[in-house]
Amino acid sequence: MLDINLIRTQPEVVRQALRDRNDSVERLDSILALDTQRRDILKENEALRALRNATSKEIGRMPDAAAREAKKTEMREVGDRISQYEAELGRIEAELDGLTATLPNLVDARAPVGPDEDSNVVLRVEGTPKTFDFKPREHWDLGPALGIIDFERGVKLSGSRFYVLAGMGARLQRALIAFMLDLRQKQGYREVYLPVMVKEQTLFASGQLPKFRDNLYHDAEEDYWFVPTAEVPITNLHGGEILEGADLPLRYCAYTPCFRREKMSAGKDSRGIKRGHQFDKVEMYTFCAPEQAEAEHVKMLADAEETLKALGLTYRVKLLATGDTGFCARMTYDLEVWAPGCQEWLEVSSVSNVGDFQARRAGIKFRRERGAKAELAATLNGSGLALPRTMIAVLENYQRADGSVEVPEPLRKFVGVDVIG
RNA sequence: GGAAAGGUGGCCGAGUGGUUUAAGGCGACGGUCUUGAAAACCGUUGUGGGGCCAGUCCUCACCGUGAGUUCGAAUCUCACCCUUUCCGCCA
């Protein structure tokens, strides 16, 4: 959520930001008009309330019954007017809040301006795409051949975009999870185990609702929502709290399944394990003071990169353009790992500085010192990393001519073998 | 799922319709005293919105949430949520 005061005083900044994001600007004028209306009515209503409060107190002290009745009649009318104003205010505020909640965060001035992903900039490539003296196979070929990915049975159980990992496939994924969580701990992130079914307010606070309703799974009977990322519950860990400035930055990591309807990407990436309705992810998340956010962003990016470096994978770092930067984010780096089988750069991590955008929605504040005024915290999130795509990269990069797959050194102690196949 | 009890500020806790402007206590912070500390005493101690004469200022809202009754609600009514205990079921 943007600061209403910023929208009010610098509407042109917001208007330009919306244009840069390739977003429509019409609702901004509605917001400004509603905000003015709201304050006008609020002012009058408060005067009436003040009058009623004072008069009611008088009535309590009046000895004369007739005078008391006269005042009561008078106040009854005032009460009616207050009710009318409040009904009007309720309507205006609902509309205003509804519109304001759809405004995306302002994008950092360093992000390239452009309407979509084509304007993203590759900052650097780390490593060299691996060469093979045979034609590397795609994971959807390799996996089933090794008996470690079973697409048919996934479809049998749940339909398209589901799969089963079996034997060393399941074990490899578990190894990656353990490896990543251990690495995060060394990097200073506290591990948490979280609910993956949450209430509506939780998704609103982290920015997924109301805008991305179509991408979420929802249990209508109990009104639980399935999280699309651990970012959602972690954001709300400190929702409505005032943190101690001395404790910041607070860094968390979590391993969770993620659930996405992928309605927007129907038909896209339907082959392999790249894009499923259910996938696992290790997530990083940081709560900090505004002035710490930039350093934490740099750190989180480096921390995510360390995963890929340790696994010996080639990847590139992208800075997202204004039009491709996520709703909540001020600036986002994407990490894309090279998959030589399907010949594709796969997005395995998105590392975002969110500023105070989620903190305002979720009510996350901190105090610099005892007695100081509570200020909004800054938050950052980053994948560290998405499991299926990391697994694709491992399988395709470490495959051998005979169809077996070498296990990257850091995973061996978790997998228990050096070679799968 | 059933039954009972409960939900008030950072914490404990009083408050069953009007000097409550949420008592009192604890904690925290500031001050006096002290070589220093403790004790004692004095003072301060929430969040959000709005206003203008921009202040040590005025005002509105907030006692689990939402409706309602009333001139006036922490207090009365209704619904819901949550917590605790017991029962049932269960990994």
Side-chain angles (χ1 to χ4, degrees), chain A residues 1-9 31-101 193-205 209 218-225 233 236-248 250 257 356-377:
Chain A
M1 193 93 89
L2 294 178
D3 184 0
I4 183 67
N5 200 43
L6 172 84
I7 300 172
R8 191 183 293 153
T9 55
I31 287 170
L32 291 168
L34 286 165
D35 178 54
T36 304
Q37 269 186 60
R38 172 180 171 268
R39 282 183 299 155
D40 288 348
I41 294 174
L42 196 61
K43 209 157 83 176
E44 293 192 40
N45 190 50
E46 280 190 6
L48 288 180
R49 273 184 168 275
L51 172 67
R52 185 174 68 176
N53 287 347
T55 311
S56 291
K57 214 166 271 180
E58 270 178 49
I59 291 172
R61 290 192 293 255
M62 285 167 82
D64 181 68
R68 219 161 42 216
E69 283 313 311
K71 279 290 180 196
K72 279 194 193 181
T73 308
E74 205 177 297
M75 283 308 105
R76 210 167 285 143
E77 280 168 30
V78 171
D80 287 345
R81 275 199 283 160
I82 290 173
S83 299
Q84 283 167 26
Y85 276 140
E86 280 176 3
E88 181 77 355
L89 271 178
R91 193 187 59 71
I92 290 171
E93 281 173 3
E95 197 180 343
L96 180 61
D97 293 347
L99 287 174
T100 310
Y193 168 81
L194 302 159
V196 295
M197 295 154 74
V198 299
K199 38 188 175 182
E200 187 167 353
Q201 166 57 27
T202 302
L203 279 151
F204 177 84
L209 286 176
H218 177 220
D219 167 45
E221 207 152 284
E222 301 289 345
D223 200 21
Y224 284 123
W225 296 74
N236 287 274
L237 269 185
H238 293 300
E241 294 182 16
I242 299 175
L243 304 168
E244 296 267 358
D247 294 342
L248 302 179
L250 276 178
D356 61 14
F357 192 82
Q358 284 176 327
R360 187 171 291 106
R361 287 168 97 102
I364 304 161
K365 302 192 161 188
F366 76 102
R367 249 190 263 281
R368 291 178 191 277
E369 56 205 57
R370 209 170 280 286
K373 195 168 160 48
E375 299 170 54
L376 288 172

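Below, read A as the first sequence line, B as the second, and so on, with proteins coming before strands; counting in each chain starts at 1. Note that these values count all heavy atoms, side chains included, but never hydrogens, waters or copies made by symmetry.
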Rounded C1' spacing from B:A54 to B:U19 in Å: 32 Å
Sequence-distant partners of A:Ala67, side-chain contact (heavy atoms from CB on, under 4.5 Å), two or more places apart: A:Met62, A:Asp64
C1' spacing across the pair B:A40 / B:C33, given as an integer number of angstrom: 9 Å
Gap separating the CG atom of A:Leu34 from the CD atom of A:Glu95, nearest 0.5 angstrom: 4.5 Å
Nearest-angstrom distance, C1' atom, B:A74 to B:U20: 10 Å
Using the 3.5 Å cut-off, write out each protein N or O paired with an N or O of nucleotides 80-84 of chain B and the distance between them.
none

More than 12 heavy atoms from other groups under 6.0 Å of OH on A:Tyr224: no
Nearest-angstrom distance from the residue atom CD1 of A:Ile242 to P of B:C11: 11 Å
Nearest-Å distance once atom P is located in both B:A73 and B:G88: 46 Å
Listed partners of A:Arg38 passing salt bridge (Lys or Arg N to Asp or Glu O under 4.0 Å), at least two apart: A:Glu93
Gap in Å between the two P atoms, one belonging to B:U65 and one to B:C29, rounded: 30 Å
Contiguous pairing runs of three or more, Watson-Crick or G-U under 3.5 Å, that involve RNA chain B: B:1-7 with B:81-87, B:10-12 with B:24-26, B:27-32 with B:40-45, B:46-51 with B:57-62, B:64-68 with B:76-80
Set of side chain to side chain donor-acceptor pair (under 3.5 Å) partners for A:Asp223, sequence neighbours left out: A:His218
Nearest-angstrom distance from the residue atom CZ of A:Arg68 to P of B:G18: 14 Å
Results of salt bridge (Lys or Arg N to Asp or Glu O under 4.0 Å) for A:Glu375 - residues two or more places apart only: A:Arg368
Euclidean distance for C1', B:C71 against B:A14 (whole angstrom): 28 Å
Interatomic distance at P, B:U85 relative to B:C80, whole Å: 23 Å
Kindly list each side-chain donor-acceptor pair under 3.5 angstrom involving residues 1-9 of chain A, sequence neighbours excluded, with atom names and distances?
{"from": "A:Asp3", "atom 1": "OD1", "to": "A:Asn5", "atom 2": "N", "distance (Å)": "3.0"}
{"from": "A:Arg8", "atom 1": "NE", "to": "A:Asp35", "atom 2": "OD2", "distance (Å)": "2.6"}
{"from": "A:Arg8", "atom 1": "NH2", "to": "A:Asp35", "atom 2": "OD1", "distance (Å)": "3.1"}
{"from": "A:Thr9", "atom 1": "OG1", "to": "A:Asn5", "atom 2": "O", "distance (Å)": "2.7"}

Under 3.5 Å donor-acceptor pairs involving side-chain atoms of residues 72-89 of chain A, not counting sequence neighbours:
{"from": "A:Thr73", "atom 1": "OG1", "to": "A:Glu69", "atom 2": "O", "distance (Å)": "2.9"}
{"from": "A:Ser83", "atom 1": "OG", "to": "A:Gly79", "atom 2": "O", "distance (Å)": "3.0"}
{"from": "A:Tyr85", "atom 1": "OH", "to": "A:Glu44", "atom 2": "OE1", "distance (Å)": "2.7"}
{"from": "A:Glu86", "atom 1": "OE2", "to": "A:Asn45", "atom 2": "ND2", "distance (Å)": "3.3"}
{"from": "A:Glu86", "atom 1": "OE2", "to": "A:Arg49", "atom 2": "NE", "distance (Å)": "2.8"}
{"from": "A:Glu86", "atom 1": "OE2", "to": "A:Arg49", "atom 2": "NH2", "distance (Å)": "2.7"}
{"from": "A:Glu88", "atom 1": "OE2", "to": "A:Arg91", "atom 2": "NH2", "distance (Å)": "3.3"}

Contacts of A:Pro257 that satisfy side-chain contact (heavy atoms from CB on, under 4.5 Å) - sequence neighbours left out: A:Val196, A:Phe259, A:Asp280
Distance, rounded to the nearest Å, where A:Arg367 contributes CZ and B:C29 contributes C1': 12 Å
With A:Phe366 via ring-ring contact (aromatic ring centres under 6.0 Å, His included) - residues at least two apart: none
Rounded P spacing from B:C62 to B:G66 in Å: 9 Å
side-chain contact (heavy atoms from CB on, under 4.5 Å) partners of A:Glu244, counting only residues at least two apart: A:Asp247
Annotated protein contacts, base or backbone, on nucleotides 50-71 of chain B with a non-hydrogen cut-off under 4.0 Å, one of B, S, - each: SS-------BBS---------B
